[in-house]
Amino acid sequence: MSKLFRAVIMGPPGSGKGTISERIAHSFGLKHLSSGDFVRENIAAKTEAGVLAKTYIKKGLLVPDHVMTRLLLPRLEEMTKYSWLLDGFPRTLAQAEALNSACDLDVAINLNIPLETLKERLQHRWIHPPSGRVYNMCFNPPHVQGKDDITGEPLIQQEDDRPEALVARLRHYKDVAKPVIDFYKMTEKAKGILYTFSDTETDRIWPNISTLLSTKISTIQSDARCASTH
Ligand SMILES: Nc1nc2c(ncn2[C@H]2C[C@H](O)[C@@H](COP(=O)(O)OP(=O)(O)OP(=O)(O)O)O2)c(=O)[nH]1
Ligand SMILES: Nc1ncnc2c1ncn2[C@@H]1O[C@H](COP(=O)(O)OP(=O)(O)O)[C@@H](O)[C@H]1O
């Protein structure tokens, strides 16, 4: 049986995690797990964690680590038979440590995108909340302006995508993300899996990520074949 492949993708708001995660899931057959989707599912299901998470999200805050970890780790338990890409978790050092003790990661992708690019992108981002589909008037516009391609339902712009809200979000992101990046650079078990990609265009970053994952996944599968023949 080929060894499973596990990866996380990290980056500031607007850096292209969702966009690139979809391409990775499609190209490599990995399950795309989004922490934001898990949060929304729990809110919709009115679970204890969901009700608590909602109070933080309404204030534009991150959900506390113990709530997020309690919400996410059991979901990963259900995925032990799958290769997956986790998007939106970890966002803090405590989350990175909890994930590291729960499972072995093969790759941690870090997107390093300039502030001006993030502002530009988020000003033109429109989403279809029920499905989470993401559009951008400059990058991947909907067929009909303001309407979701699949359902025709209205698209919205998120409150915290406004330029003035973004500055605060980015400052907070920088504060919490640096210890996570250092964790993947230095921790014995985790180090050596961090790959950072810096550019302003997803279409230039994508070939490099695709090459990295092709190499990593084929190495894991050939190692698994060798192990099974010995
Ligand atoms: N102009 C342009 N827009 C892009 C590019 N890549 C992605 N976008 C668009 C898609 C979205 O409307 C917006 C942000 O992309 P994503 O939603 O994939 O970013 P991410 O998931 O990191 O944001 P989040 O953390 O959910 O706020 O920018 C690009 O290379 N050029
Ligand atoms: N790993 C996480 N740790 C803490 N809060 C999280 C995490 N992932 C998602 N959330 C919460 O859920 C909200 C929605 O997440 P997401 O859909 O990824 O949107 P965004 O990150 O762009 O705000 C976040 O704003 C945050 O409050």
Side-chain angles (χ1 to χ4, degrees), residues 8-25 32-44 49-50 52-73 75-76 85-99 109-142 148 155-163 165-166 168-170 172-173 175-177 180 197-209:
V8 296
I9 184 167
M10 303 175 288
S15 54
K17 296 185 296 300
T19 302
I20 291 172
S21 294
E22 277 187 24
R23 295 188 188 187
I24 291 174
H32 172 201
L33 308 177
S34 152
S35 61
D37 289 351
F38 287 159
V39 170
R40 281 181 284 274
E41 280 166 24
N42 275 266
I43 290 174
L52 194 51
K54 189 171 181 178
T55 61
Y56 290 91
I57 293 179
K58 276 171 71 171
K59 296 176 202 146
L61 300 171
L62 285 184
V63 171
D65 289 334
H66 69 283
V67 177
M68 202 62 218
T69 305
R70 201 173 73 217
L71 184 153
L72 191 101
L73 293 192
R75 293 300 302 266
L76 293 187
L85 170 74
L86 183 52
D87 165 11
F89 187 102
R91 295 195 193 196
T92 65
L93 178 58
Q95 291 179 13
E97 288 166 342
L99 183 65
I109 294 169
N110 178 41
L111 302 177
N112 176 33
I113 312 297
L115 172 63
E116 279 318 304
T117 304
L118 300 176
K119 279 185 187 168
E120 170 70 20
R121 288 183 183 181
L122 293 181
Q123 271 180 314
H124 301 290
R125 176 161 73 175
W126 290 80
I127 63 166
H128 175 242
S131 67
R133 277 187 287 276
V134 174
Y135 299 88
N136 189 284
M137 297 316 289
C138 307
F139 179 69
N140 60 324
D148 174 54
L155 301 178
I156 65 152
Q157 287 206 289
Q158 291 174 156
E159 264 305 295
D160 56 7
D161 278 357
R162 287 174 298 107
L166 185 62
R169 271 175 91 191
L170 282 174
H172 178 65
Y173 171 81
D175 293 345
V176 296
V180 176
F197 298 88
S198 304
D199 204 308
T200 57
E201 291 299 324
T202 290
D203 289 341
R204 280 203 297 264
I205 287 179
W206 170 241
N208 300 329
I209 290 182

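Start at 1 and go down the list; that is how both ligands and their atoms are numbered. As the structure is a computational prediction, the values presented were derived from the model and not from experiment.
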Check each atom of ligand 1 against the heavy atoms of Gly18 and keep those under 4.0 Å away; list them by number with element. 18 (O), 20 (P), 21 (O)
Heavy-atom side-chain proximity of Glu116 to Glu120 below 4.5 angstrom: no
With a cut-off of 4.0 Å, which atoms of ligand 1 are near a heavy atom of Pro12? 22 (O)
Heavy-atom proximity to atom 25 (O) of ligand 1, best of Lys17, Met137, Arg125: Lys17
Within-cut-off N or O pair, Thr19 and ligand 1, under 3.5 Å: yes
To check your reading of the model: name the closest protein heavy atom to atom 1 (N) of ligand 1, its residue, and the distance in Å. Phe139 CB, 3.7 Å
Check for a donor-acceptor pair, side chain of Arg169 on one end and backbone N or O of Asp160 on the other, with a separation under 3.5 Å. yes
Quick one: does Gly11 get within less than 4.0 Å of ligand 1, heavy atoms only? no
Regarding Lys59 and the six-membered ring of Tyr56, is the cationic atom NZ or CZ under 6.0 Å from the ring centre and inside 45° of its axis? yes
Answer yes or no: does an N/O atom from Thr202 fall short of 3.5 Å to an N/O atom of ligand 1? yes
Those residues with a heavy-atom separation under 4.0 Å from ligand 2 are Ser35, Gly36, Arg40, Ile57, Leu61, Leu62, Val63, Met68, Gly88, Phe89, Arg91, Gln95, Arg169
Which heavy atom of the protein is the closest neighbour of atom 9 (C) of ligand 1, given with residue, atom name and distance? Asn136 ND2, 3.5 Å
Looking only at protein heavy atoms, which one is nearest to atom 19 (O) of ligand 1, and what is the separation? Gly16 N, 3.0 Å
Please check this pair: side chain of Asp87 against backbone of His32, looking for a donor-acceptor N/O pair closer than 3.5 Å. no
Atoms of ligand 1, numbered as shown, that sit under 4.0 Å from any heavy atom of Glu201: 29 (C), 30 (O), 31 (N)
Under a 3.5 Å distance rule, please check whether Gln157 uses its side chain to pair with a backbone N or O of Arg125 as donor and acceptor. yes
Short list, please: which atoms of ligand 1 are under 4.0 Å from a heavy atom of Val134? 11 (C), 12 (O), 17 (O)
Test your reading of the model: is there a side-chain donor-acceptor pair from Arg75 to the backbone of Leu72, 3.5 Å cut-off? no
Looking only at heavy atoms, is any part of Gln123 under 4.0 Å from ligand 1, and if so is it the side chain, the backbone, or both, or is it neither? neither
Which of Ile209, Thr202, Asp203, Asn208 passes side chain to side chain contact (heavy atoms under 4.5 Å, CB included) with Ile205? It is Ile209
Sequence neighbours excluded, which residues qualify as salt bridge (Lys or Arg N to Asp or Glu O under 4.0 Å) partners of Glu201? none
I'd like to know if the side chain of Thr69 and the backbone of His66 have a donor-acceptor N/O pair within less than 3.5 Å. no
Using a 4.0 Å cutoff against the non-hydrogen atoms of Arg169, which atoms of ligand 1 qualify? 27 (O)
Please list, in number order, the atoms of ligand 1 under 4.0 Å from a heavy atom of Gly14. 14 (C), 19 (O), 20 (P), 22 (O), 23 (O), 24 (P), 25 (O), 27 (O)
For ligand 1, which atoms have a heavy atom of Tyr135 less than 4.0 angstrom away? 12 (O)
Using modelled atom types only, decide if a donor and an acceptor are shared between the side chain of Lys119 and the backbone of Pro114 within a distance under 3.5 Å. no
Just by distance, do the side chain of Arg133 and the backbone of His128 share a donor-acceptor pair under 3.5 Å? no
